[in-house]
Amino acid sequence: QTAAQVSANLTTNQARLIDLEPYTDANGNQRFACVMVDNTGVNAKGWLWYYNSSVATIAAAASANNARVIDFDRYTFSGTTYYSAVLIGNTGVDARQNWWYINITPAQISTLLTTNNARLYDLEPNGAGTFDCVMIRDNTFPHWYWWYDLDGGAVGYLLGQYGVRAIDLETYLVGTTRKWAMLTINNSNALTTAVGNGMRSVT
């Protein structure tokens, strides 16, 4: 989709974006893949989206509009590095303490998760051993997990073994080897969750 087509579909569908992935097609044109959800009635939220932007522009928009980032991507188009973002209003039932970071290592992510008492909401690999990420602190903290540098087989294995569902799945190359980063959230009932936690604590 072009940016104009994304805008037109948002209007037609009375929708808002929850995921936006910019890329360059085989002819060198800027294109977007995206996920939209209904934004009417009880589902309606104040929201914004940006592309071909800078970190400073997105940060200023979040501050000016009392909003928080829910999706964030770094990409290169015509030799220039840009950022895209989707934001929602940080008010009412959607209000969360939130943080987002650029170009940090997995070790730094782990430290910040502990410091902020947060969970990852969006994870974007940069392909050089670092990541951009969004963190939030939930009012009720769900069971969740994150992994990186996975091969394809490990993705399915971990989903099954941990009884979780993927909420963010990103692919990237380490050298010439394809790897995956994955965020997950609990998808099991209370008994399965308790048994799984007990078993993982001793094995």
Problem set entry | Chi angles and distances behind the ring-ring contact (aromatic ring centres under 6.0 Å, His included) call for Phe72, Tyr83 | CA-CA 7 Å; Phe72 184 78; Tyr83 296 86; 5.3 Å; yes
For this session: For side chain to side chain contact (heavy atoms under 4.5 Å, CB included), just list the numbers for Ile136 and Gln97, CA-CA rounded to whole Å, side-chain angles, deciding distance to a tenth of an Å, and then say yes or no.
Result: CA-CA 6 Å; Ile136 64 170; Gln97 287 187 270; over 6 Å; no
For this session: Test side chain to side chain contact (heavy atoms under 4.5 Å, CB included) on Cys34 and Met36 and set out the steps.
Result: CA-CA 7 Å; Cys34 62; Met36 302 177 181; 3.9 Å; yes
Problem set entry | Steps toward side chain to side chain contact (heavy atoms under 4.5 Å, CB included) verdict (Tyr75, Thr24) | CA-CA 9 Å; Tyr75 59 97; Thr24 303; over 6 Å; no
For this session: Test ring-ring contact (aromatic ring centres under 6.0 Å, His included) on Tyr101 and Trp99 and set out the steps.
Result: CA-CA 7 Å; Tyr101 301 98; Trp99 304 262; 7.7 Å; no
Exercise. What do the steps show when you test Thr184 against Arg165 for side chain to side chain donor-acceptor pair (under 3.5 Å), and what is the final call?
Worked result: CA-CA 5 Å; Thr184 65; Arg165 59 183 173 86; over 6 Å; no
For this session: Let me see the working for Asn116 and Arg137 under side chain to side chain donor-acceptor pair (under 3.5 Å), right down to the final yes or no.
Result: CA-CA 8 Å; Asn116 296 332; Arg137 182 182 297 164; 5.7 Å; no
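Legend: residues meeting side-chain hydrogen bond (donor to acceptor under 3.5 Å, both in side chains) with Thr192, ordered by chain and number and at least two apart, are Asn189. Judged as a salt bridge (charged side-chain N to carboxylate O under 4.0 Å, His left out), and not counting sequence neighbours, Asp71 has no contacts. Residues satisfying the salt bridge (charged side-chain N to carboxylate O under 4.0 Å, His left out) test with Arg31, not counting sequence neighbours, are Asp25.
Looking at Thr80, its side chain never comes within 3.5 Å of a backbone N or O of Thr76 through a donor-acceptor pair. Between the side chain of Thr115 and the backbone N or O of Thr111 there is at least one donor-acceptor pair closer than 3.5 Å. Panel note: side chain Asn65, backbone Ala67; no donor-acceptor pair is recorded below 3.5 Å. Using a distance-only test at 3.5 Å, with no hydrogens or angles considered, no donor-acceptor pair links the side chain of Asp122 to the main chain of Cys133.
Residues Phe77 and Asn29 come closest through the heavy atom pair CE1-C, 4.0 Å. Between Trp144 and Leu120 the shortest heavy-atom distance is CH2-N, 3.4 Å. For Ala3 against Tyr51, the heavy-atom pair with the smallest separation is CB-OH, 3.2 Å. In terms of heavy atoms, Pro22 sits closest to Ser84 at CG-OG, 3.4 Å.
Side-chain heavy-atom separations under 4.5 angstrom define the hydrophobic clusters, and the remaining members of the one that includes Leu150 are Tyr145, Trp147, Val155, Tyr157, Leu158, Leu159, Tyr162, Val164, Leu169, Trp180, Met182.
A donor-acceptor contact closer than 3.5 angstrom links the side chains of Arg178 and Thr171. Looking at Asp149 and Tyr172, their side chains do bring a donor and an acceptor atom within 3.5 Å of each other.
Distance check: Leu123 CG to Asp168 CG gives 6.5 Å after rounding to the nearest 0.5 Å. Between the CD atom in Glu21 and the CD atom in Glu124 there is a gap of 5.5 Å [rounded to 0.5 Å]. Taken from CZ in Arg74 to CD1 in Ile102, the straight-line distance is 6.0 Å, to the nearest 0.5 Å. Rounded to the nearest 0.5 angstrom, Ile167 CD1 and Ile185 CD1 are separated by 5.0 Å. In this structure, the separation between OG1 on Thr81 and CG on Asn126 is 9.5 Å, given to the nearest 0.5 Å. Note that NZ of Lys179 is 10.5 Å distant from CG of Leu173, once rounded to the nearest 0.5 Å.
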Going by atom type alone, with no hydrogens or angles, which donor-acceptor pairs under 3.5 Å involve a side-chain atom of residues 11-20 and a protein atom two or more places apart or on another chain?
{"residue": "Thr11", "atom": "OG1", "partner": "Ser7", "partner atom": "O", "Å": "3.2"}
{"residue": "Thr12", "atom": "OG1", "partner": "Ala8", "partner atom": "O", "Å": "3.0"}
{"residue": "Asn13", "atom": "ND2", "partner": "Asn9", "partner atom": "O", "Å": "3.0"}
{"residue": "Arg16", "atom": "NE", "partner": "Asn39", "partner atom": "OD1", "Å": "3.3"}

Without placing hydrogens or testing angles, list every side-chain donor-acceptor pair under 3.5 Å for residues 88-96, not counting sequence neighbours.
{"residue": "Asn90", "atom": "OD1", "partner": "Arg68", "partner atom": "NE", "Å": "3.3"}
{"residue": "Asn90", "atom": "OD1", "partner": "Arg96", "partner atom": "N", "Å": "2.8"}
{"residue": "Asn90", "atom": "ND2", "partner": "Arg96", "partner atom": "O", "Å": "3.2"}
{"residue": "Asp94", "atom": "OD1", "partner": "Lys45", "partner atom": "NZ", "Å": "2.9"}
{"residue": "Asp94", "atom": "OD2", "partner": "Lys45", "partner atom": "NZ", "Å": "2.9"}
{"residue": "Arg96", "atom": "NE", "partner": "Asp138", "partner atom": "OD1", "Å": "3.3"}
{"residue": "Arg96", "atom": "NH1", "partner": "Val93", "partner atom": "O", "Å": "2.9"}

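Linking Ile, Leu, Val, Met, Phe, Trp and Tyr whenever their side-chain heavy atoms come within less than 4.5 Å puts Leu48 and Ile58 in one cluster. Put simply, Val35 and Leu183 are part of two different groups of oily side chains (I, L, V, M, F, W, Y) that touch within less than 4.5 Å, one to the next. Under the 4.5 Å side-chain contact rule for hydrophobic residues, Phe131 and Tyr82 do not share a cluster. Cluster annotation: Leu112 and Val134 are assigned to distinct hydrophobic clusters (Ile/Leu/Val/Met/Phe/Trp/Tyr, side-chain heavy-atom contacts under 4.5 Å, transitive). Note: the hydrophobic cluster containing Leu87 also contains Trp100 (ILVMFWY, side chain heavy atoms under 4.5 Å, direct or indirect links).
Counting heavy atoms from C-beta outward, Leu10 and Trp47 have side chains that approach closer than 4.5 Å.
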